[in-house]
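Proteins get letters first, then strands, A, B, ... in listed order; numbering begins at 1 in each. Small disclaimer: the values here were computed from a predicted structure and weren't measured.
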Amino acid sequence: MTELLALETVALESVAVDRDTPVRTAVELHDGESWVQVCELDDLLPGRGVAVLLGAEQVALFRDPADGLHALDNRDPFSGAQVLSRGLIGNRGAVQVVVSPMLKQAFALETGDCLDEDTAPDGSSANLRRWPVRSRPSHAPGDGVREP
Amino acid sequence: MTLKDLVLVGHGMVGQRFLEALFERPHDWRVTVLAEEPRPAYDRVHLTSWFSGTTAEELSLCPPAFAEENGIDLRLGDPAVAVDREAGTVTTRSGAVLRYDTLVLATGSYPFVPPVPGHDARGCHVYRTIEDLEAIRADAARARVGAVVGGGLLGLEAAGALRAMGLETHVVEFAPRLMAIQVDDGGGKVLRNAIEELGVVVHTGAGTQSIETHEDGAVRGMALSDGSSVEADLVVFSAGVRPRDQLARECGLSVGERGGIVVDEQCRTSDPQVFAIGECALAADGRVYGLVAPGYAMAEVAAGELTGAAGSFTGADTSTKLKLLGVDVASFGDAHGTTPGSLDVLYSDSRSGVYKKLVVHPDGRLLGGVLVGDAESFATLRPLAVGGAPLPVPAEQLILPASEGGAASKLELPDEAVVCSCHNVTKGAIRSAVAEDGCTSIPEVKKCTKAGTGCGSCLKLMGGIVAKELEAAGVEVARGLCEHFAHTRSELYEIVRVKGITSFARLRDEHGTGLGCEICKPAVASILASLGNGHILDGEQAALQDTNDHHLANLQRNGSYSVVPRVPGGEITPEGLITIGEIARDFGLYTKITGGQRIDLFGARVDQLPAVWARLVDAGFESGHAYGKALRTVKSCVGETWCRYGVQDSVGLAIELELRYRGLRAPHKLKSAVSGCARECAEAQSKDFGVIATAEGWNLYVGGNGGMTPRHADLLAKDLDRDTLIRTIDRFLMFYIRTADRLERTAPWLDRLEGGLDHLRAVVLEDSLGIADELDQMMARHVETYQDEWAAVLADPQRLRRFVSFVNAPGTPDPTVRFVPERDQIRPARPDEDGHVLIGGASLEVRTR
């Protein structure tokens, strides 16, 4: 257990360093009732995603190379695992996509639609729900950020 | 339809080819095959490779189901002993009497043993069957000196085999030079020098007078006609072969004065119901052919005759190209200049052991030639000599080295030129396979024309012809990596290397389009990593890695990861085992032993990975790179240290190799193994590079593969010392990394490599491309700059931030990663098992929710 505690301390310290910057950009997701700040833009690596816990639901949040933000269900409909945030993003033709790390199906970042299949093995739709996402300047970092 | 009975006597290479040709066409034959040997037809041409590990099964030419599928009654070990032509029957050794409508004799030949005193002493052998080789190997284990009688093709192969088994080796040749039939005096001299350099003692112009024996009847030496003697406790006779025509003689068929069953151009004997093919036949041109290609041609003709396809055998090209004891030897056409008025063009450089002679007609046509030491141009020259077309360039340009204005490699062949002489396929036929039959690759052309499926020596030439034809046909072979790059992986590698590119963004801006995808991003990341661009999770590279590389662990079906610490060579201390066990227990992980002699820990959540690794790194473990397209393991058997049979320290070498190549990023994963003796318990021949200990050093095998398309590795080099072995592997790996396609294992890469194994050997052993220094330096740099990826992550807070379950709740485990118990461990819960789920705790054993 000691190792884990040490790691969390490290993570908090790195946030503390960020506090020196006066203005930062907060990233917010809409959970159906209100906007919830989930992280800061700096927490997101261009070209990759992170997982967000919104109540009992999981959202995959991506920052594309042009700093656009996209939020989709984190659950991969083909494996049932919550892993889409770990997929690689890129483009297929004109469509920006995330590719499932599990079995490589592609999903459009803009619409959540699956480009490879219509339905998942359990018969449900293979398309993902899109979550509203926005960013805005924040002067009070850390408020409600670390705990949902 | 009434079936007619066909009896084939003999199931050697030619017999098998006859059967294949017969069953290719509609026919009404019921076939019985009488074979003397205990196994179906096998490849006698490559018999010697049995000594270096090729098994009898691998040498087999007859697929296990072949007889059954074609309704053949194949009787192994029951040869024909008599033929009654009047009754139309054959009697076998077991006493069976078989009726035939047509009889085909493919009895082959037998090794000629000079009738000198003592020729049948204990320790005397011939070199013809797998059983002969087994007997030689058994005797060689007790022998110190071996002598081969006969310095022809087979004799030199036998000498090479004896040498490889560690025997002091002598070759005794009656003629004044080695390979008297194929090469001339000049070529023989160069060949002799090369072979003597390998430590084989050569006696030419010397006949064997007698074999001397000990009192117990075992061989102790031989007396030669020049008055000298050779002490030897093993003798191999390979003084030529004689056609096996006894069966034909006894039933009254015509045979030649000097042996051989007389046949006409359709391979019919003096009895129209009886055919003879291969080495037992005296062909219509009055010759007995001891080569496989003419035998195959006869088999095709006879099979055609029996299935209504016209053909004739009027003689054959006896060109040969082979590598004897590492020396290229080739002869083609009129090699000895027997054509009246013929002229010679010579190039000889005894410093580098190269001798080339062309025989030309005064009108400029090429008649034949001899090549020793460098037979690269054989594939181009032979068709020219056989085709008889006037030479397109002056003859001297065909044998001079390229640096001196030689032009052999650029020569354009006429369509009539025979490219594959095993199957008699012309350049025109290969071109039409592409242009008319729509073949777009070498494997397709092979299937369509059979070219290149015999000895394989024409594959390189074929590759050039096919590529050119595809280009001419305007077939654009989609070679690009993906929609973002029109270049192949190896081209991108060269671009990155030459331009010193260090980012995906720059490579894409200058040579690609779009944002990239799941194909090109990891491929480019791998190239950048192969060329040594720091930690794979730094800067932009982090965004390129697929999830396994990004989390330095292997994603499993429920979103959890597995962890594999490196266990070099599979050697691990009890403390190491205990530590791994404790960590697995403390984190509630499922453990399993892998095929690569390590331990896989399953069920770690992404947020647990750093803590698991902190414990492993603390205990001295490093990343095993199970997640990467990189070196996985170097498996080993326990070797000489413990094993009664081992001859070298295989574990020590495996550890050294694993530590040297750990972390090396490649187009695909790399697996390796080291076996301590020829019993091969480490299964090195199924690896990308495998090493097998010999009494003299190490044999290096490359291009092996298990998995979906298994492939046995090819022997790249023999009896290497440790330093040479490592240097050779360094170059092999770097050359592969440089030239392979994305996700192309070494096995398909080697199959595709132009020039194949010979080319690879030339590159890594002889530096034919002049890149060896560069390859060496790249590997040196890899070894110098290696760092453990996990230790580096743990030391860097920025890198550690990636290992959280949720960006907004880093301490909360993913509640959907659930496990249930099975056989006293955890396994991922199925969707219908939500009732009693367990969660793998951060530092606790498996517990219920």
Side-chain angles (χ1 to χ4, degrees), chain A residues 1-4 6-8 10-11 13-14 17 27 29 36-40 43-48 50-54 56 58-59 61 64-66 74-76 79-83 85-94 96-102 104 106 122 144-148, chain B residues 482-484 504-505 513-522 540 542-548 550-551 555-560 586 606-608 610-615 618 794 796-798 800-812 814-817 828 830-831 841-844:
Chain A
M1 205 57 203
T2 46
E3 292 82 1
L4 253 201
L7 289 176
E8 281 188 33
V10 167
E13 272 167 10
S14 73
V17 173
V27 176
L29 284 176
V36 181
Q37 184 177 342
V38 294
C39 65
E40 289 168 12
D43 291 329
L44 304 176
L45 202 62
R48 283 218 93 99
V50 296
V52 176
L53 192 59
L54 268 191
Q58 292 193 30
V59 180
L61 172 60
D64 69 33
N74 193 31
R75 183 177 178 276
D76 170 26
S79 63
Q82 300 274 357
V83 293
S85 59
R86 304 176 212 159
L88 280 170
I89 69 175
N91 71 297
R92 277 206 193 166
Q96 276 207 68
V97 295
V98 57
V99 177
S100 167
M102 208 57 90
K104 311 291 180 204
D122 63 4
V145 171
R146 290 292 166 193
E147 296 301 328
Chain B
C482 62
E483 69 174 274
H484 305 102
F504 177 81
T513 58
L515 298 172
C517 65
E518 78 282 7
I519 293 169
C520 60
K521 280 180 165 182
E540 179 224 38
L544 305 177
Q545 312 293 352
D546 70 22
T547 185
N548 284 2
H550 196 240
H551 293 103
L555 180 67
Q556 303 298 329
R557 64 183 312 137
N558 65 344
S560 67
D586 293 351
V606 61
D607 51 295
Q608 289 179 305
V612 170
W613 271 106
R615 296 263 309 264
D618 241 12
L794 294 173
D796 182 341
Q798 285 303 319
L800 270 176
R801 285 178 70 196
R802 318 255 161 76
F803 295 88
V804 294
S805 48
F806 300 105
V807 68
N808 60 336
T812 309
D814 179 350
T816 67
V817 175
R830 287 188 283 266
S843 58
L844 300 169

With no hydrogens and no angle check, is any side-chain donor or acceptor of A:Arg86 less than 3.5 Å from a backbone partner on B:His550? no
Where does B:Asp546 contact chain A at under 4.5 Å (heavy atoms): side chain, backbone, both or neither? both
Return the minimal non-hydrogen interatomic distance between A:Leu45 and B:Ala542, and the atom names on each side. CD2-CB, 3.6 Å
I'd like to check B:Thr547 versus A:Val83 (side-chain heavy atoms, cut-off strictly below 4.5 Å). Are they in contact? no
Under 4.5 Å, counting heavy-atom pairs only, tell me which of B:Arg802, B:Glu540, B:Glu518 racks up the most with chain A. B:Glu518
Out of curiosity, A:Leu54 CG to B:Phe806 CZ, how far, rounded to the nearest 0.5 Å? 10.0 Å
Measure from the side-chain N and O atoms of B:Arg557 to the backbone N and O of A:Gly80, and report whether any donor-acceptor pair falls under 3.5 Å. no
Has the side chain of B:Asn808 got a donor or acceptor atom that lies under 3.5 Å from a matching backbone atom of A:Leu53? yes
Tell me, side chain or backbone of B:Gln556 under 4.5 Å from chain A's heavy atoms, or both, or neither? backbone
One pair to check against side-chain contact (heavy atoms from CB on, under 4.5 Å): B:Val817 and A:Gln82. What are the steps and the verdict? CA-CA 8 Å; B:Val817 175; A:Gln82 300 274 357; over 6 Å; no
Proximity breakdown for B:Val804 and chain A, heavy-atom pairs closer than 4.5 Å: neither
So which part of B:Glu483 gets closer than 4.5 Å to some heavy atom of chain A, the side chain, the backbone, both or neither? side chain
Only pairs of heavy atoms separated by less than 4.5 Å count here; which of A:Arg75, A:Arg92, A:Lys104, A:Gln96 has the most with chain B? A:Arg92
Among B:Thr513, B:Leu515, B:Asn558, single out the residue with the greatest number of heavy-atom pairs under 4.5 Å to chain A. B:Leu515
Of all of A:Val99, A:Val98, A:Asp122, which one pairs up most often with chain B through heavy atoms under 4.5 Å apart? A:Val99
Report the option among A:Gly47, A:Pro46, A:Ala51 that has the most heavy-atom pairs separated by less than 4.5 Å from atoms of chain B. A:Ala51
Using non-hydrogen atoms only, which part of A:Ile89 is less than 4.5 Å away from chain B: side chain, backbone, both, or neither? both
With chain B as the partner, which of A:Gly87, A:Pro65, A:Ala56, A:Ala81 has the greatest number of non-hydrogen pairs under 4.5 Å? A:Ala81
